[in-house]
Structure formats: C-alpha cells, structure tokens
Amino acid sequence: MNAYVITIATIISIYAIVVCGLNVIVGYAGQISLGHAAFFGIGAYSAALLATKAGLSFWAALPLVIVTTAFIGLLLGLPSLRVREDFLAITTIGINFIVEAIFLYIPFFGGALGIGGIPRIALFGAKLKGLGFFYLCLFFLLLVLILCWWFTRSWGGLACFALREDESAAASMGISPVRFKLLAFVVGTAIAGLGGALYAHYIRFISAGDFSFPVSVLLLSMVVLGGMGTLWGPVLGALILGALPEVFRPLVDYRYLFYMLLLLLMIRFQPGGLLGEGSMVRRMFSLALPRAKNE
Amino acid sequence: MNETLLAVKEVSKYFGGLKALDRIDFEVKSGEILGLIGPNGAGKTVCFNLISGVYGSSSGKIMFNGRRTDGTASHQVAKLGVGRTFQIVKPFASLSVLENVLVARGIARYQNFVKIWSSWKSKSERQKGLRMLERVGLADLAHRKAGLLPLGNLRRLEIARALTVGTRLILLDESFSGLRHEEITNLEALIRGIRDDGTAVLLIEHNMRVAMKLCDRLVVLDHGRKIAEGSPEAIRQDERVVEAYLGRKEAGNAA
C-alpha cells in the first residue's frame, strides 16, 4: 500500500471509531446529536494539551482523555437530554458551535493557530507511523466494536432500545429516561474522545476547524448511510463517505452537495441505512444465507 | 387478603384552567378487580397517569402499599410493583415480542449500575419471558417483530409487559377495546387468573357488559368527579350513573 492510501485508511478508521460512538447515542438510544464533532474535538484537544503542555505519553494520557471527554459529555448531556427530537438537534448544534468557539478564541487552546507539535505515539520504544499507526487504529476500532456489541447485549443497551422506541412505555417498566439517555451519551462521547486522541496524534496539528459543525453533519451522515443502530453500519458509512471524496476527486468542491444528494436518496430508498432493517444488503444476505436468523 | 393496596385520597388535577379530576377518592384492595368507568373525558386515564407517575397531582395524596407515591417518577412507581398498559398501545415496535417482555424483566437491574452491564441474552431470561408470553397466549409469536402484530395481540403483549413489572398491581387502560368476541372471553379469563394469583387489577373499561361481569367493584367518574362506587349490581341501579352514563348510552344506541 502506498502512503496516500494508508493515510486515507487511517483517517477512515478514526472516523469509524467516532461514528461508532455517535451510533450509540443516535442508533441505540435514539437521541439525535448534531454536535458529535465537539466531543471528537474535546478528545483531540485534551490529548494534544496533555501531550504538549503536560508532556504525558499517549498511553498515559488516554484514560484521562476518555474520562475528560465523557465527563464533559455528562455535563452537557444533562441539560440537553431534557429536550427531544428537533429541539435536541438544535441544542447539540449549539454545543458544537460553543465548543468550537472556545477552542478558537481562548488562547490556552491555541486560538486560531491551533495546537501543533503533537508527538507521535510510541509503542515498545518505536514511533508509530504509516502502516503501524493504521494497525493501532484498527485495534482500537476492534475494541470499540466489541464494546458496542456488548452494549447491545447488556440490560443497559436493552433499556436504551426501549427508550428509543417509546419513552413513556420504557418508563413504565422501570427505566429512568434521563439515566439511560445519559448512559448512552457518556458511552458515545467517551468513544469520540478516544477517536479524538488518535486523530490528534496522527495529524499532529489540530485546529478548531477540524471539529466544526459540518464535521458533525458528516459524522451523522455516516451513521445514517451505514444504518443506525446496527453494529457494522458506522464502519461502512465511514468507509463510503470517507473514501468517496478521494475516489471522485473532481467532486471535492461539491462534496456537501453530494452528501446531501446521497442522504436524500438514502432516506427515499433505504430509510434504515445500508445495513438497516429491510435494506437491500440485508435482503441479499438473507437470500444468500437462508434461515440463519433467530439464533 | 383484603387490605388496602392503593389509596387515592382527595386527588385533584388541573391542566391550566381545566379541572380534569376533582377531589377523587377510592381504594384498591389487594386481591380484587376494581373497574374505573365513566363517559369519555371523565378523567379515567388522567387518574391512571397520576397513579403511575406520568405526572403529579395538583392536590391530594396517593398511597401505595403504605407509601406516598404521588410525585414519584414513573420508573420508580414501576419498581414498587405497579405495571400498566396504555390506551393507545405503545409497543417497542422494532424489537421482537419476546424482547418486549425482556425489557420489562430488566426492572430488577435498571437501578443498579453494575447489573446493567450484564447480558440479557441468557437462556433462563428467555425461558421466563417465553413463559409469560405463554400465559397471555403469544408464545407462537415470540420472535415476530412487535410492530407487525395486530391490535389484539399488542394488547396482550402490553399485558404481558405490565404483568412482568406489576407484581402487586396492574393498571389496564381499555385493554378490551378493539378485540373480537373470543379474544374478550380469553382476556377475561386471563384477568381473573391474574387476580387469583394475588395481583390486584385496576382497569378502565368502556364495554359495560365486560366491566359488570368482570369487576368485583366499580368506581364511576363523570366530568372529573366520582359519582358512584360499589358492586356492579349497585352501580347498575344507581340513578346518577344511569343518568350520567348508561342513560345517555341507551339513548344513543336507540337512535
């Protein structure tokens, strides 16, 4: 593989991690979020600060980064998750703009210049780059997928599914809506924090624009395209929307127009996403593998 | 056996200027089927929502099993052993029928931060869920998606969920509406079985024949007020009830 392909693949795998986190919030718990890039950014900025100002290694900083991001997710989720649907979408957009503004205007976060000079990740004394870094990202993606898989099998996950389907019915079965929405939000933002840390150490120079609102739209598009609430949907969505601009280089300037078109087509023809309930891919699979269902 | 399980005391509920419930008093005793009847807009469902914690009352007290529960959130009322169904069914549509019941089975774990991480896909949970589905006659459909079931089955699914949660009391909000004749007969037998197993039943019913036949006692609401209470025979002969409810209905039927 040449360096160009490896770079694209690494970015896609980092996005896939972040989108898996968003899928926990949007797909599993049914809480729309258009501000996920903010938490991706909080992860990246805290990793960058811990590396450049505190001199911590990636590995020492990682738990701190995840906890910080999840904690801020908890604080911001507490008021936001009291509103629903359209209002929640607006609130999360607001969160994204505020967080971006904080990165941009507060000198501590590097202001408009961002933060540079973030060191590479060292593993067993070797500095990871190229293919090595890509494998590290795949390793973390695998961990995240295992976590998500486990979440769907846990009682907490089941409670989130119930909330997504009907909040008052779920509450009548002992499920606290606030608590379980927050649980999904914290898990989702913690995963975004991990993605952010990997991103900061890979790009090694971050600025507020990397985590702006259009990035949130991109992340949400990846979830919707792949299939909300499915395990592999986020990976597929990240792969397609991450690779397409590269495949169709001339389209880059019209990328958002293109996303919009793609999203509209998806909503019209495959509302559950590529891997969602009753989608084309699913049907083809069930034809190819007859009666593998019902465990 | 016959001690008071649920006591609704002088409960009022206003929605802005609208008086939905006006100083309502009644009790549900353990081991009985109490019917809450009354014309449309009498406040029956509001009453259910107050008991199950969907919203708080404007004044008065609700005591369940000796504990004050008005103002307690829905999920906490459920934890006390109160299950409910909804007048407009609320299935978890994209989950299977069995998974719907398993959500209710999780009630013992949802309060515990460690237990919520354990898996719900265990064989024993599955079997217990299936047993509950057998009880309401839905075992054949266990793996069907709940959103695809017809209304009669959804009502039974809601009862299965309510029964899983409501070990002491279940609230059934018009569970008979939209059912066919033999479904009604089956459901009557099921509800009697629930009572005989020691769970009290409070039900809202529009079908007077069913309410008269099934309930041990009836409470009649009209325009947010309790106008009568007693055995089905007594209610049948109560003039105010006949006037407010049966009388009007008879006239409507004749026309």
Side-chain angles (χ1 to χ4, degrees), chain A residues 24 27-30 70 74 82 146-184 186-187 190 227-231 271-273 275-279 282 286 291-295, chain B residues 48-49 52-55 73-86 88-96 98-122 125-126 142-147 158 161-162 164-166 170-171:
Chain A
V24 173
Y28 296 161
L74 180 75
R82 294 195 172 274
I146 292 172
L147 174 70
C148 291
W149 173 78
W150 184 259
F151 190 73
T152 60
R153 303 175 61 87
S154 71
W155 289 101
L158 189 63
C160 288
F161 296 160
L163 273 181
R164 173 188 72 195
E165 302 292 319
D166 194 300
E167 208 170 306
S168 51
S172 81
M173 267 154 253
I175 295 165
S176 157
V178 173
R179 188 180 310 181
F180 284 92
K181 282 183 198 174
L182 270 181
L183 176 75
V186 166
V187 171
M228 283 193 276
T230 63
L231 184 63
L275 295 180
E277 207 58 59
S279 67
R282 271 279 166 98
S286 60
R291 294 288 87 187
K293 278 168 59 188
N294 286 343
E295 298 173 44
Chain B
F48 264 31
N49 285 342
S52 66
V54 174
Y55 33 70
S74 249
H75 64 277
Q76 281 158 336
V77 175
K79 191 79 173 64
L80 298 174
V82 181
R84 71 165 293 181
T85 68
F86 296 89
I88 297 157
V89 287
K90 295 174 182 287
F92 303 128
S94 79
L95 304 186
S96 77
L98 179 60
E99 284 163 352
N100 265 263
V101 174
L102 289 178
V103 170
R105 286 203 56 81
I107 187 155
R109 299 169 185 87
Y110 296 137
Q111 317 272 327
N112 182 315
F113 190 75
V114 178
K115 283 187 184 159
I116 57 172
W117 293 102
S118 63
S119 172
W120 53 271
K121 295 202 170 184
S122 75
E125 283 302 326
R126 223 178 166 66
H143 300 289
R144 195 71 66 80
K145 190 149 295 213
E158 287 217 332
R161 295 191 310 195
T164 307
V165 168
I170 68 169
L171 313 174

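A, B, ... follow the sequence lines: proteins, then strands. Residue 1 opens every chain.
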Subject >> Considering all heavy atoms, the nearest B:R105-A:W155 contact >> reply: C-CZ3, 4.1 Å
Subject >> Contact leader toward chain B among A:A170, A:G156, A:S168, A:A171, where contacts are heavy-atom pairs under 4.5 Å >> reply: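 Maximum pair count with chain B is reached by A:A171.
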Would you find a donor on one side and an acceptor on the other, under 3.5 Å apart, between the side chain of [X] and the backbone of [Y]?
X	Y	result
A:E165	B:P91	no
B:W117	A:W150	no
B:W120	A:T152	yes

Interface moiety of [X] toward chain A, non-hydrogen atoms closer than 4.5 Å:
X	answer
B:S118	both
B:V54	neither
B:Q111	both
B:L102	both

Subject >> All side chain to side chain contact (heavy atoms under 4.5 Å, CB included) counterparts of B:I107, not counting sequence neighbours >> reply: B:A78, B:K79, B:V165
**OP:** Hey, could you give me the CZ/NE2 distance between A:F180 and B:H75, rounded to the nearest 0.5 Å?
**Re:** 9.0 Å
**OP:** Please name all residues satisfying ring pair (Phe, Tyr, Trp, His ring centres under 6.0 Å) with B:F86, sequence neighbours left out, ordered by chain then number.
**Re:**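 Partners of B:F86 under the ring pair (Phe, Tyr, Trp, His ring centres under 6.0 Å) test: none.
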Original post:
Side-chain contact, heavy-atom cut-off 4.5 Å: B:Y110 with A:S176?
Top reply: no
